[in-house]
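In the text below, chain A, chain B and the rest are named by the order of the sequence lines, each starting its count at 1. Source: prediction; values computed, not measured. We use all heavy atoms of the structure for the numbers below, so side chains are in, but hydrogens, waters and symmetry mates are not.
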Amino acid sequence: MVTITLPDGSTKEYENAVTPGQVAADIGPGLAKAALAAEVDGQIVGLDHVINDGIQAALKLFTKKDPEALGVMRHSAAHVMARAIMKIFPGVQLAFGPTIDGGFYYDFDLDHKLSDEDFEAIEAEMKKIIKANEPFERIETDREEALNIVNELGQEYKVEHIRDGLTEHQQLSFYRQGEFIDLCRGPHIPAVGAIGAYKLLSVAGAYWKGSSENRQLQRVYATAFFDKAGLEEHLTRIDEAKRRDHRTLGKQLGLFHIDDMVGQGLILWTPKGACVRQKLQEFIGAHLQRQGYDQVFTPHIGKLDLYKTSGHFPYYQESQYPALINRDYMKKVADEGCSCSDLSNSLAEGEIDGYLLKPMNCPHHIKIYDSQQRSYRDLPVRLAEFGTVYRWEQSGEIGGLTRVRGFTQDDAHLFITEDQLAEELEGCLELVKIVFASVGMEDYSVRVGLRDKDSDKYVGDQENWDKAEDACRRAAATLGKPFIEEEGEAAFYGPKIDFVVNDCIGRKWQLGTVQVDYNLPIRFNLSYIGADNQPHRPVMIHRAPFGSMERFIGVLIEHFAGAFPLWLAPEQARIVVVSQKFEEYGRQVEAQLKAAGMRVSGDYRAEKIGAKIRDAQLELIPYMLIVGGREMENGEVSVRDRIDGDLGAMPVTDALAKFQDEIENRLVRKTFSGSAGLVSRDAQNEY
RNA sequence: GCUGCUGUAGCUCAGUGGUAGAGCACUUCCUUGGUAAGGAAGAGGUCACGGGUUCAAGUCCCGUCAGCAGCUCCA
């Protein structure tokens, strides 16, 4: 006897084992036809899944209206794509082909280099397969039989996967679709005819099982929908997102420049971008003062010994710019006739004298802490610096502002007693929250980065790590927002709480970070004198609410689609004169606003007003102040908002008061409509 | 770092082995206007860089550098 409970609470009883497909047919022929997948007791299964006798199960049936069905269908589409590619390129070795956010991919090993030009043929082949509408057939086997099948198919990766990957599985399953058989746990839609619209998107290299030690395969990304409208909407959304790309907008709006001759991943901040950065720094500067930080400045380089002590040099040599070798040492090396490989070896061994471009600010700040004797009464010591650091990121990783080789952290290090840890962590997290809220960036996730217990890249002992990780977990819990814990995401000296956001193409970036560190104080033998007149070890917190100015502004550009709120806009208002006759009045208004501290310019070109407005609009300038004869007579300006359009004429002083209010309260627009599309977010300071 | 694609005017991009093109921007002139493009003329290129093949290379081949997508990495 099988008892099936349906979502509406009703139950159905069956004498023997039953499948979701049979239940669907039992409910009605319409549903039987429309059903694509099912959920049995929370697990998504195919319609052919057998619910065994003697079971009481909750069953949901999914049709193309349900997102669950979409995922199942996309996986089926991956099989169809693999089948099509195999047909066109015999001898293809199949690897993995999972569903991902927004679509699916399949990894192939084949000699022919796939390119966009092959897509059409592959899609045409897929069309034929889908039109034939053959059913998926699930085949269950034991391990031995499964190995026989994949060996017979000549699928080496599948053989390896069964041998090394699926060691726990005694029962394995295959799905057959026409002549195509693939090792797969499923589920699949009943037949491929339901795949309404699909498109191959890109092809890129991907390592077998994700390890760069392994052979690189060709990964074809694609997506599928039940209907054409869904696909088109998806493609439009991708296009819209790309229009917000900070690399494009940065160029268009003149925010920053990257020059081949300067170097990969090294940002040149042009005046407008520098203005945005400056305003952000001023903003956080005010909070630093409120929270009791002291500002410090430290140089861009430091002796190798400093970084040997901190651990940066030995642990992260690969991702640093090579050391700047002392002139005397170089001479000695030359005199002794050392070979290049000798030099390389002594570099690796850390035997040489020299300097390093600083990869992090903490060693310098530590030396400031350590420059005088500290009493428990001095603590917390909070040292802040917009410190520029340099890291030798892999060339393939560099791009735009989000991954660079030189960047400025809004860094600070707190030296505290253990008792102060919880409270100080909270203060740091508060600051990060303020930063995110001030720009209306609410779409972020919190990640607690823990050590990977199997790795040897961390310094310090277990006990302190446990304490630090625990402190991070507790602090993250106070955020009142769900957070994820990820092993292996910790810094080499301690665990951290990271704030992660997406960029316009869905890549995740760590922005703000708060890290707990018991280890560097030990490595540098830091101390303070306690109330007991004995030396004690301080604990350190590393924190950067923006993370890096470069990355933060890159993400910010995309968040605002280039249309910065008034307080951040490099040009806040533009005077647009109706004709050159009113230039004098225009310049007078311009001077008045500038005197009040606003960033304004005037457009006095011999152009028609429409053209001037269009140009200002495309530059995403928040306000245009139109002045002509009427305004001049009354000492007014006509205010044109970049979003709402003409707001009508008002006295210059009224307009100024409005702008100043908007600036002081750091108001953020709910909707930004520029040439760059729409962005909508909820935040307290919206209007 | 790896795989693939790309590199032509300030920007976006055409260009089929036969001597370099468009639109926008820029400069000058005309036009002086009322809320998203007024008109005309002009200037602007070592076709990323270095080799090679060829009578001839922006175009074909190799290398380097850089960009893009993904993978790997990310203190």
Side-chain angles (χ1 to χ4, degrees), chain A residues 105 107 113-117 201-221 242 245 247-248 251-252 254 257-261 263-265 307 310-320 358-363 389 391-400 402-405 409 449 457-459 488-494 496 505 507 509-510 513 515 517 520 542 576-583 604-618 624-631 638-642 645-649 675:
Chain A
Y105 68 76
D107 287 346
K113 302 287 177 210
L114 288 169
S115 77
D116 308 15
E117 285 154 31
L201 299 172
S202 61
V203 56
Y207 299 105
W208 166 239
K209 293 200 167 171
S211 167
S212 54
E213 307 287 305
N214 291 339
R215 186 176 166 85
Q216 194 161 72
L217 310 169
Q218 301 190 68
R219 175 171 297 176
V220 179
Y221 284 89
K242 276 188 185 154
D245 193 319
R247 292 163 297 193
T248 314
K251 203 180 273 186
Q252 249 170 46
H257 173 67
I258 300 167
D259 196 285
D260 282 2
M261 204 179 252
Q264 208 188 2
Y307 302 104
S310 68
H312 292 97
F313 185 67
Y315 282 89
Y316 284 95
Q317 235 179 106
E318 295 288 291
S319 31
Q320 287 156 5
K358 70 175 168 190
M360 283 188 95
N361 299 302
C362 32
V389 298
R391 297 177 189 178
W392 186 263
E393 303 287 359
Q394 295 183 42
S395 62
E397 269 307 330
I398 294 173
T402 39
R403 193 82 184 261
V404 293
R405 281 186 173 159
Q409 298 176 308
K457 74 169 190 177
Y458 305 98
V459 298
E489 284 294 322
F492 75 87
Y493 47 73
K496 52 186 192 165
I505 50 176
R507 287 184 289 208
W509 299 104
Q510 175 206 308
T513 182
Q515 314 174 351
D517 180 6
L520 292 184
H542 308 237
V576 175
V577 291
V578 170
S579 93
Q580 289 181 312
K581 275 185 228 157
F582 311 110
E583 176 168 348
Y604 307 111
R605 292 175 303 165
E607 279 296 344
K608 290 171 94 165
I609 183 172
K612 295 183 191 182
I613 286 170
R614 180 170 190 272
D615 288 347
Q617 194 77 45
L618 292 176
M624 283 157 259
L625 304 177
I626 317 292
V627 299
R630 297 202 293 268
E631 290 80 5
S638 284
V639 178
R640 188 182 208 279
D641 181 287
R642 71 179 160 198
D646 192 0
L647 302 182
S675 61

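Using atom C1' as the reference point in both rA22(B) and rG67(B), the two lie 24 Å apart (nearest Å). Of the C1' atoms belonging to rC24(B) and rA9(B), the separation is 12 Å, rounded to the nearest Å. Taking the P atom of each, rA43(B) and rC65(B) are spaced 39 Å apart, rounded to whole Å. Comparing the C1' positions of rG44(B) and rG21(B) gives an interatomic distance of 13 Å, to the nearest angstrom.
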Distances under 3.5 Å between protein N/O atoms and the N/O atoms of nucleotides 58-62 of chain B, please, pair by pair.
none

Using atom names, set out every protein N or O paired with an N or O of nucleotides 65-67 of chain B below 3.5 Å, distance rounded to 0.1 Å.
| residue | atom | partner | partner atom | Å |
| --- | --- | --- | --- | --- |
| rA66(B) | O2' | D260(A) | OD1 | 3.1 |
| rG67(B) | OP2 | Q264(A) | NE2 | 2.5 |

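A 4.5 Å side-chain heavy-atom check between Q264(A) and S395(A) finds at least one atom pair inside the cut-off.
Under the rule for a ring pair (Phe, Tyr, Trp, His ring centres under 6.0 Å), the partners of Y105(A) that lie at least two apart in sequence or sit in another chain are Y221(A). Checked against ring pair (Phe, Tyr, Trp, His ring centres under 6.0 Å), Y458(A) has the following partners two or more places apart in sequence or in another chain: W465(A). Listed by chain and number, the residues in a side-chain contact (heavy atoms from CB on, under 4.5 Å) with E393(A) are R391(A), I398(A), R403(A), R405(A) (sequence neighbours excluded). Scored by the ring pair (Phe, Tyr, Trp, His ring centres under 6.0 Å) test, F582(A) finds no partners at all (sequence neighbours excluded). For W208(A), the ring pair (Phe, Tyr, Trp, His ring centres under 6.0 Å) partners are F96(A), Y157(A), not counting sequence neighbours. Residues passing the side-chain contact (heavy atoms from CB on, under 4.5 Å) test with S212(A) are Y207(A), sequence neighbours excluded. Taking the side-chain contact (heavy atoms from CB on, under 4.5 Å) definition, one finds that D116(A) meets it with F119(A), sequence neighbours left out. For T402(A), the side-chain contact (heavy atoms from CB on, under 4.5 Å) criterion is met by H246(A), W509(A), R551(A), V555(A), not counting sequence neighbours.
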Which pairs would a plain distance check flag for residues 311-318 of chain A, meaning a side-chain donor or acceptor within less than 3.5 Å of a matching protein atom at least two apart in sequence or in another chain?
| residue | atom | partner | partner atom | Å |
| --- | --- | --- | --- | --- |
| H312(A) | ND1 | S310(A) | OG | 2.5 |
| Q317(A) | NE2 | A348(A) | O | 3.4 |

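Taking only side-chain atoms of Y207(A), from C-beta outward, the nucleotide of rG4(B), rG1(B), rC74(B) with the closest atom is rG1(B). Checked against rA36(B), rG1(B), rC71(B), the side chain of R640(A) finds its nearest nucleotide in rA36(B). Distances from the side chain of A491(A) to the nucleotides rG70(B), rA36(B), rA75(B) place rA75(B) closest. For P359(A), whose side chain is taken as the heavy atoms from C-beta onward, the closest listed nucleotide among rC11(B), rA75(B), rG1(B) is rA75(B). Here rA75(B) is the nucleotide among rA75(B), rC71(B), rC74(B) with the atom lying nearest to any side-chain atom of Q515(A). In the set rC73(B), rG70(B), rA75(B), the nucleotide with an atom closest to the side chain of R507(A) is rG70(B).
When the side-chain nitrogen and oxygen atoms of K209(A) are compared with OP1 and OP2 of rC71(B), none of them lie within a distance under 4.0 Å. Close to rA75(B), at under 4.0 Å from its OP1 or OP2, lies a side-chain N or O of Y316(A).
Pair assignment for rG58(B) gives none, since no Watson-Crick or G-U wobble pairing has each distance under 3.5 Å. Base pairing annotation: rA22(B) forms a Watson-Crick or G-U wobble pair with rU12(B), both donor-acceptor distances under 3.5 Å. The base-pairing partner of rC68(B), taking Watson-Crick or G-U wobble contacts with both distances under 3.5 Å, is rG4(B). Nucleotide rG33(B) is matched to nothing when pairs are restricted to Watson-Crick or G-U wobble geometry with both distances under 3.5 angstrom. In this structure, rU27(B) forms a base pair with rA41(B), meeting either the Watson-Crick or the G-U wobble geometry with both donor-acceptor distances under 3.5 Å.
The interatomic distance linking D259(A) (CG) with rG10(B) (C1') rounds to 13 Å, in whole Å. For the pair K113(A) NZ and rG70(B) C1', the interatomic distance rounds to 15 Å; values are reported in whole Å. Taking atom CZ of residue R215(A) and atom C1' of nucleotide rC71(B), one finds them 15 Å apart after rounding to whole Å. Between I613(A) atom CD1 and rG38(B) atom C1' there is a gap of 15 Å when expressed in whole angstrom units. If you measure from atom CG of D107(A) to atom P of rG4(B), you get 15 Å, rounded to the nearest angstrom. Following rounding to the nearest Å, N214(A) (CG) and rC73(B) (P) show an atom-to-atom distance of 12 Å. Protein atom NE2 of H312(A) is 10 Å distant from nucleotide atom P of rA75(B), rounded to whole Å. In this structure, CD of E213(A) is placed 10 Å from P of rC73(B), rounded to the nearest angstrom.
For the atom pair NZ (K209(A)) and CG (D107(A)), the distance works out to 12.5 Å, reported to the nearest 0.5 Å. Atom CG of D259(A) is separated from atom NE2 of H257(A) by 3.5 Å, given to the nearest 0.5 angstrom. With rounding to the nearest 0.5 angstrom, the CD atom of E607(A) is 9.5 Å from the CD atom of Q580(A).
The environment of R215(A) atom CZ is sparse: at most 12 non-hydrogen atoms of other residues, nucleotides or ligands sit within 6.0 angstrom.
Side-chain N/O atoms of R403(A) and base N/O atoms of rC73(B) include a donor-acceptor pair closer than 3.5 Å.
Using a 4.0 Å heavy-atom criterion, one finds that S319(A) contacts the bases of the nucleic acid, with or without backbone contacts as well. Nucleic acid contact class of Y105(A) (heavy atoms, under 4.0 Å, all strands): none. Residue contacts for Y315(A): at a heavy-atom cut-off of 4.0 Å it reaches no nucleic acid atom on any strand shown.
Toward the 5' end of RNA chain B, the nearer of the two residues L217(A) and S211(A), judged by each one's closest nucleotide, is L217(A). Each of K251(A) and Y221(A) has a nearest nucleotide on RNA chain B; the 5'-most of these lies closest to K251(A).
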Inset, instruction - Treat primed atoms plus P, OP1 and OP2 as sugar-phosphate and everything else as base, then score nucleotides 22-34 of chain B 5' to 3': B for base contact with protein heavy atoms under 4.0 Å, S for sugar-phosphate contact only, - for none. - result: ---------BBBB
